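Below is one structure, written out as C-alpha cells; comments come after it.
Note that the coordinates shown come from a computational prediction; the quantities given were computed from them, not determined experimentally.
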Amino acid sequence: MFFSEDWDLNLLNRNAARVVENLVREGIAAYVHVPGVDLPLPATSNIETAESVVVACSGYPEHAGVWSYTLLDKSAGDPVWLDKTTMEPYFRDLHDTDTALIVLNPHAQELKQIPDASIGIYLSQLQHLFDHLASARGDGMRSVLLGFSLGGEVVLRFLHSHPYHIRFARGLVLIDPVPPSIRRPVMSPELSALVDQASFYGFGDLEGNPGELVEYTKKILQITPELVSCRYHGEMPNLVWPRIRQRLPALLR
C-alpha cells in the first residue's frame with residue numbers, strides 16, 4: 001500500500017491518537033465501546049443520539065485520527081501537512097448534526113507488504129459495529145460507508161459478504177480506493193445498486209487524466225470517478241470532504 005519502512009510506526013500511532021484525544025477533550029469526539037471489538041472506536045460526541053452515521057474506513061496502516069501517515073510523517077518538519085491529513089474536519093462538521101461519525105481502527109502494529117491481517121480486523125470491526133447498531137437502534141439507523149484507499153476495498157468486501165447489513169447502507173463514498181476484488185458480475189442486485197450511486201473520487205493528474213489504478217477500478221466498478229488533482233494520495237479525503245458533506249443529506253434520506 002502507501003507506507004515507508006523508515007517510519008517510526010509507534011510514534012505515528014501515538015500522534016494519530018493524539019488528534020482524537022484532543023477532540024475528546026473539546027467535547028467533539030468520544031470513544032465508543034462496541035461489543036466484540038477489542039479497543040474503543042473514535043466517534044463524534046453525538047453518536048448516542050444521532051439519527052444516521054458515517055462509518056469511515058481508512059487506509060493501511062493508519063490509525064484513526066489521520067488519513068495518511070505519509071503526510072503525518074512530513075508534518076514533523078512542516079505542520080501544514082497535518083492540516084492536509086487530519087480527520088478533524090469530519091469530526092468538527094458532524095458532531096453537532098443529526099449524523100454521527102465513527103472511525104474504524106485496525107491498530108496495525110507492524111508493516112507488511114500484504115496487509116491481510118488489517119483487512120480481517122476491519123471486516124470484523126464492521127460486522128460487530130453493524131450488529132451493535134442493529135441491536136441498539138433497530139432498522140432505523142441509516143448509514144453511509146466511506147472507504148479511503150484500502151478502506152474502499154474493505155467496505156465492498158463487507159457488504160458483499162454480509163448482505164443482510166445492506167439494509168442499513170444508504171450510500172457509498174469511495175475515495176481513491178484500492179482496486180476492489182469484488183467485480184460487478186458477482187455483486188448482488190442490492191450491492192450493485194449501491195455501487196451505481198456511489199460517490200467515487202479518484203486520483204488525477206494536473207491535465208485531468210486518471211491514474212492507472214483509477215482506470216482499473218473504474219472498469220471493475222463500472223462507475224465514473226470525479227478526478228481530484230493533488231500531490232499526495234493522502235490529501236484526497238480532506239480535499240473532497242466539502243463535496244461529500246454537501247451530498248450527505250440526499251444520501252441519508
Note: Asn209 and Leu227 closest approach over all heavy atoms is C-CD1, 4.1 Å
*Report yes or no: does His128 contribute a side-chain atom to a donor-acceptor pair with the main-chain N or O of Gln125 at less than 3.5 Å?*
no
Practice prompt. Could you check Phe130 against Arg167 for side-chain contact (heavy atoms from CB on, under 4.5 Å), going step by step and ending with a plain yes or no?
Written response: CA-CA 11 Å; Phe130 273 71; Arg167 70 187 189 276; over 6 Å; no
Check your understanding: So, Tyr60 side chain and Ser149 main chain: donor-acceptor pair closer than 3.5 Å or not?
Key -> no
Check: Around atom CD of Gln222, are there more than 12 heavy atoms of other residues, nucleotides or ligands at under 6.0 Å?
Finding: yes
Closest non-hydrogen contact found for Leu174 with Pro177 is CB-CG, 4.0 Å
Heavy-atom check, side chain of Val214 versus side chain of Phe200, under 4.5 Å:
yes
For Tyr31 and Pro40 the tightest heavy-atom approach is CB-CB, 3.8 Å
**Request:** Tell me whether Val228 is reachable from Ile244 by hopping between hydrophobic residues (I, L, V, M, F, W, Y) whose side-chain heavy atoms are closer than 4.5 Å.
**Result:** yes
Q. Between His162 and Phe158, does the ring centre distance come in under 6.0 Å?
A. yes
- Are Ser68 and Glu235 linked by a side-chain donor-acceptor pair shorter than 3.5 Å? no
> Arg142 versus Leu251: any side-chain heavy-atom pair under 4.5 Å?
Replying inline: no
* So do the side chains of Ser199 and Glu226 get within less than 4.5 Å of each other, counting heavy atoms only? -> no
Decide if atom OH of Tyr216 counts as having more than 12 heavy atoms of other residues, nucleotides or ligands within a radius under 6.0 Å.
no
Shortest non-hydrogen pair, Pro179 vs Thr217, comes out as CA-OG1, 3.4 Å
Checklist entry - Passes side-chain contact (heavy atoms from CB on, under 4.5 Å), Val103 versus Val20? Steps please. => result CA-CA 10 Å; Val103 184; Val20 178; over 6 Å; no
Closest heavy-atom pair, Leu239 versus Cys230, reported as atoms and distance to 0.1 Å, is CD1-CB, 3.5 Å
Discussion item. Check whether Asn105 reaches the backbone of Ala64 with its side chain - one donor and one acceptor, N or O, closer than 3.5 Å.
Written reply: yes
*Derivation and outcome, side-chain contact (heavy atoms from CB on, under 4.5 Å), residues Lys84 and Asn238*: CA-CA 7 Å; Lys84 293 177 182 290; Asn238 283 353; 5.6 Å; no
**Study point:** Single-linkage hydrophobic cluster Leu129~Tyr164, side-chain heavy atoms < 4.5 angstrom
**Key:** no
What one should report as the nearest heavy-atom pair of Leu71 and Gly234 is CD1-C, 3.7 Å
Short side-chain to backbone donor-acceptor contact, Arg170 and Ser143, under 3.5 Å = no
| request: Determine, step by step, whether Asn46 and Asp96 satisfy the side-chain contact (heavy atoms from CB on, under 4.5 Å) criterion, reporting the C-alpha distance in whole Å, the side-chain angles of both residues, the deciding distance to 0.1 Å, and the verdict. | output: CA-CA 7 Å; Asn46 60 344; Asp96 60 353; over 6 Å; no
For this session: Evaluate the ring planes of Tyr69 and Trp7, with Trp represented by its six-membered ring, and classify them as parallel (under 30°), tilted (30 to 60°) or perpendicular (over 60°).
Result: perpendicular
**Item:** Within-4.5 Å side-chain heavy-atom neighbours: Phe148 and His233
**Value:** yes
Check: Are Tyr232 and Ile175 connected in a single hydrophobic cluster, I mean Ile/Leu/Val/Met/Phe/Trp/Tyr linked by side-chain heavy atoms less than 4.5 Å apart?
Finding: no
**Request:** Please answer: with hydrophobic residues joined when any side-chain heavy atoms are less than 4.5 Å apart, are Leu82 and Val24 in the same cluster?
**Result:** no
**Prompt:** Are the side chains of Thr70 and Glu62 in touch, meaning some heavy atoms are under 4.5 Å apart?
**Reply:** no
Transitive ILVMFWY side-chain link Ile182 to Leu145, under 4.5 Å: yes
